Amino acid sequence: MSGRVIGWIDAHQLRGASATFYFATGIHRDTGKGYRLESSTDFEERVEVLRQFHEDPMSSRQHLGLGLMPPFVERRGQATPES
């Protein structure tokens with residue numbers, strides 16, 4: 001990483017919760033668009049999620065609006081997405 005911003009983490013105290021929740025927003029390295037990644041009470045984990053998202057945005061497919069990885073079935077010797 002070259003010192004550029006790859007995302008940010010917001011700390012939130014949710015009503016009724018004793019722990020602080022951290023919400024990560026990653027910036028897609030190719031498009032510059034921000035994607036809200038899941039929250040966690042573990043700050044270091046959110047930092048790692050941002051790093052992974054920067055290195056490989058497809059590591060968070062559901063946040064790119066692509067859903068989860070499709071199930072694959074074997075068809076004539078080729079693995080293809082299930083319809």
Side-chain angles (χ1 to χ4, degrees):
M1 292 179 239
S2 62
R4 72 179 204 216
V5 175
I6 63 168
W8 59 89
I9 299 172
D10 295 312
H12 292 275
Q13 189 68 43
L14 302 180
R15 190 176 343 166
S18 59
T20 300
F21 284 80
Y22 300 98
F23 292 84
T25 301
I27 299 172
H28 194 287
R29 66 179 185 202
D30 298 327
T31 66
K33 184 175 176 183
Y35 290 91
R36 184 77 173 260
L37 308 173
E38 63 273 339
S39 66
S40 173
T41 57
D42 186 338
F43 181 80
E44 287 79 18
E45 180 186 40
R46 296 299 86 205
V47 172
E48 179 63 16
V49 164
L50 282 176
R51 186 193 64 75
Q52 289 175 359
F53 183 76
H54 177 71
E55 289 179 2
D56 179 14
M58 296 309 288
S59 67
S60 294
R61 288 178 57 85
Q62 68 273 22
H63 302 106
L64 295 172
L66 301 173
L68 300 175
M69 293 293 288
F72 284 84
V73 294
E74 191 72 25
R75 292 191 188 141
R76 296 185 191 182
Q78 294 181 329
T80 58
E82 188 173 63
S83 303

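None of the values given here were measured: they were computed from a predicted structure.
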Minimal heavy-atom distance between Thr41 and Ala19, with the atoms involved, is CG2-CB, 3.8 Å
So, does His28 use its side chain to make a donor-acceptor pair with the main chain of Asp30 at under 3.5 Å?
yes
Contacts of type ring pair (Phe, Tyr, Trp, His ring centres under 6.0 Å), residue Phe43, not counting sequence neighbours:
Tyr22
Contact between Glu48 and Glu45 at the side-chain level, heavy atoms closer than 4.5 Å - yes or no?
no
Which heavy-atom pair separates Thr20 from Ala11 by the least distance, and what is that distance?
CG2-CB, 3.9 Å
Check Glu38 with Arg46, please: is the shortest side-chain N to carboxylate O separation under 4.0 Å?
yes
Common cluster, Leu14/Leu37, ILVMFWY with side-chain heavy-atom separation under 4.5 Å
no
Atom pair NE2/OG of His12 and Ser39 - distance to nearest 0.5 Å:
9.0 Å
With clusters defined by side-chain heavy atoms of hydrophobic residues (ILVMFWY) lying less than 4.5 Å apart, directly or transitively, does Ile9 cluster with Val49?
yes
Non-hydrogen atoms of Gly32 and Ile27 that approach each other most closely:
O-CG2, 3.6 Å
Linking I/L/V/M/F/W/Y whenever any side-chain heavy atoms sit under 4.5 Å apart, do Phe23 and Trp8 land together?
no
